[in-house]
Trainee: 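I am attaching a structure below and will ask some questions about it afterwards.
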Amino acid sequence: MYKIAVLITCHNRKEKTLSCLNALFNSSSPKQIVSKVFLVDDGSTDGTSEAVSNKFPEVNLIKGNGKLFWNQGMRLAWQHASKLESFDFYLWLNDDTNILEDTIQELLTCYEEALKKTNRPTLIIGACKVSHENNKFSYGGRTDTGPVIPNGKIQNCKYINGNVVLVPQPIFNALGNLSEAYTHTIGDFDYGLRAENAGYECYTTKTYVAICAPNSNIAGWSNPAISLKQRWLLLHSPKGLNIKEYNMFRKKFWGWQWIFFAIRVYARVLLPKLYSKLLKI
């Protein structure tokens, strides 16, 4: 018997949140699985909490203060779940991500295969595609050369997107929660690299396990279509790059080389068209 805590955070995306939960509760779960859902509603004003309570009363609803964003919201969900009882696994799930019918079984199968291969607990990263019709990769595991495309086998990855991630209890015991140093983004990448530095491995699922449309290919803070003022604001915004936290992250894992990453970022903000041209040369 496995016990899984599903961790989700949301803010003013009622329809997406309900769709995510609907896909989760409609997915097939092996008989040996007992799951509980922990959802942080970070100050939504669109009726998300009420709608969730009405349609999914079994969800453990946790109220945020409206300033948590993704990383801090997921931290709060994880804190509540881990204090309530002991779980075998924690499943990160983005509220804009819809898992497929057999996702839970696929995650566990990949975990058991990775466990036999490494003889150690591993993180399992769910590969997401653009839509039911479009099998193009959107989120999941990545290496220094790009995304890890599912090929029917478990594959190593270095960087992880937090859309669908299965974390076994032993890794949580060793690493703890997501880092409190990050507000919105970067926390998932940080956790994957922390796991790797602690001697654990990250593997992607053998197949696509969820649907999640990707964000724009051009980050707002480097988009030449918007003004320099807007780009500068997004560079410092929690929902943009959040440059202070980005630099801290780079310094933590790349040491003094963080300076080169920072220079590249500022070049993209100040001279986005020239930067793009230079890349194509």
Side-chain angles (χ1 to χ4, degrees), residues 9-13 16 40 42-43 64-76 92 94-97 125 128 130 137-147 157-163 165 177-197 202 212-280:
T9 189
C10 68
H11 174 73
N12 280 346
R13 299 202 295 190
K16 286 187 177 183
V40 169
D42 188 27
N65 59 14
K67 301 178 181 180
L68 296 176
F69 296 92
W70 183 84
N71 187 73
Q72 296 299 325
M74 291 296 282
R75 273 179 52 81
L76 183 59
W92 303 353
N94 269 18
D95 77 319
D96 64 349
T97 303
I125 319 306
C128 304
V130 174
F137 176 97
S138 57
Y139 298 100
R142 300 172 184 274
T143 66
D144 286 319
T145 58
C157 63
K158 182 176 181 179
Y159 309 108
I160 69 174
N161 292 134
N163 299 64
V165 178
N177 208 327
L178 287 156
S179 173
E180 64 181 350
Y182 309 108
T183 307
H184 186 53
T185 60
I186 308 179
D188 47 1
F189 271 43
D190 177 275
Y191 203 85
L193 292 176
R194 282 164 57 196
E196 186 175 302
N197 287 348
C202 302
C212 185
N215 294 320
S216 171
N217 289 330
I218 302 177
W221 52 270
S222 63
N223 189 343
I226 66 176
S227 69
L228 173 59
K229 181 180 179 180
Q230 288 176 299
R231 293 199 301 272
W232 190 259
L233 289 174
L234 285 170
L235 177 67
H236 295 85
S237 167
K239 285 197 171 183
L241 184 63
N242 207 342
I243 187 64
K244 289 184 179 180
E245 293 182 6
Y246 174 83
N247 286 341
M248 179 176 59
F249 166 73
R250 288 295 188 180
K251 190 180 299 184
K252 179 177 179 180
F253 293 103
W254 282 268
W256 62 269
Q257 295 179 62
W258 75 272
I259 298 172
F260 294 106
F261 289 107
I263 291 172
R264 187 173 65 182
V265 165
Y266 282 110
R268 290 177 65 184
V269 174
L270 299 173
L271 302 166
K273 290 183 179 180
L274 178 60
Y275 184 88
S276 297
K277 286 181 180 179
L278 292 174
L279 284 181
K280 296 176 181 179

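Because only heavy atoms are used, hydrogens play no part in the values below, and waters and symmetry mates are left out as well, while side chains stay in. Just so you know, these numbers come straight off a predicted model, no measurement behind them.
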Trainee: Any chance you could measure Lys67, atom NZ, to Asp42, atom CG, to the nearest 0.5 Å?
Mentor: 10.5 Å
Trainee: Mind listing the closest non-hydrogen atom pair of Cys202 and Gly192 along with its distance?
Mentor: SG-O, 4.0 Å
Trainee: Which atom pair, heavy atoms only, marks the closest approach of Ile125 to Gly140?
Mentor: CG2-C, 3.6 Å
Trainee: Quick check for you: to the nearest 0.5 Å, what is the distance between Ile186 atom CD1 and Leu178 atom CG?
Mentor: 12.5 Å
Trainee: What do you reckon, is CD of Glu180 surrounded by more than 12 foreign heavy atoms closer than 6.0 Å?
Mentor: no
Trainee: Between Tyr191 and Arg194, does a side-chain contact (heavy atoms from CB on, under 4.5 Å) hold up when you go through it step by step?
Mentor: CA-CA 5 Å; Tyr191 203 85; Arg194 282 164 57 196; 3.6 Å; yes
Trainee: Ring centres under 6.0 Å, that's the criterion: do Trp221 and Tyr246 meet it?
Mentor: no
Trainee: Report yes if the side chains of Leu234 and Lys239 come closer than 4.5 Å at any heavy-atom pair, otherwise no.
Mentor: no
Trainee: I need the minimum non-hydrogen distance between Val165 and Asn161, along with the two atoms involved.
Mentor: CG2-O, 3.4 Å
Trainee: Test side-chain contact (heavy atoms from CB on, under 4.5 Å) on Val269 and Ile243 and set out the steps.
Mentor: CA-CA 11 Å; Val269 174; Ile243 187 64; over 6 Å; no
Trainee: Rounded to the nearest 0.5 Å, what's the gap from OG1 on Thr185 to CG on Asp190? Could you check?
Mentor: 11.0 Å
Trainee: Working to the nearest 0.5 angstrom, can you tell me the gap between Arg250 CZ and Met248 CE?
Mentor: 13.0 Å
Trainee: Would you mind reporting whether Pro214 and Val130 have side-chain heavy atoms less than 4.5 Å apart?
Mentor: yes
Trainee: When the ring planes of Phe260 and Trp256 are compared, do they come out parallel, tilted or perpendicular, using 30° and 60° as the limits?
Mentor: perpendicular
Trainee: Locate the shortest heavy-atom distance separating Ala262 from Asn247; write the atom from each residue and the value.
Mentor: CB-OD1, 3.6 Å
Trainee: Do Gln72 side-chain atoms and Phe69 backbone N/O form a donor-acceptor pair below 3.5 Å?
Mentor: no
Trainee: Are side-chain N/O atoms of Asp188 and Tyr182 paired as donor and acceptor at under 3.5 Å?
Mentor: no
Trainee: Below 4.5 Å, heavy atoms only, C-beta onward: do Asn215 and Tyr139 meet side chain to side chain?
Mentor: yes
Trainee: Can you list the steps and then say if Asn242 with His184 is a side-chain contact (heavy atoms from CB on, under 4.5 Å)?
Mentor: CA-CA 9 Å; Asn242 207 342; His184 186 53; 5.9 Å; no
Trainee: Show your reasoning for whether side-chain contact (heavy atoms from CB on, under 4.5 Å) applies to Tyr266 and Leu235.
Mentor: CA-CA 9 Å; Tyr266 282 110; Leu235 177 67; 3.7 Å; yes
Trainee: Working to the nearest 0.5 angstrom, can you tell me the gap between His236 NE2 and Leu241 CG?
Mentor: 9.5 Å
Trainee: To the closest 0.5 Å, what do you measure between CG (Leu271) and NZ (Lys273)?
Mentor: 11.5 Å
Trainee: Tell me if the aromatic rings of Phe249 and Trp258 count as close, with their centers under 6.0 Å from one another.
Mentor: no
Trainee: Please report the shortest heavy-atom distance between Cys212 and Ser138, naming the atom on each side.
Mentor: O-OG, 2.8 Å
Trainee: Using every non-hydrogen atom in the two residues, find where Glu196 and Cys157 come nearest and quote the distance to one decimal.
Mentor: OE1-O, 4.4 Å
Trainee: If the plane angle is over 60° it's perpendicular, under 30° parallel, otherwise tilted; pick one for Tyr159 and Phe189.
Mentor: parallel
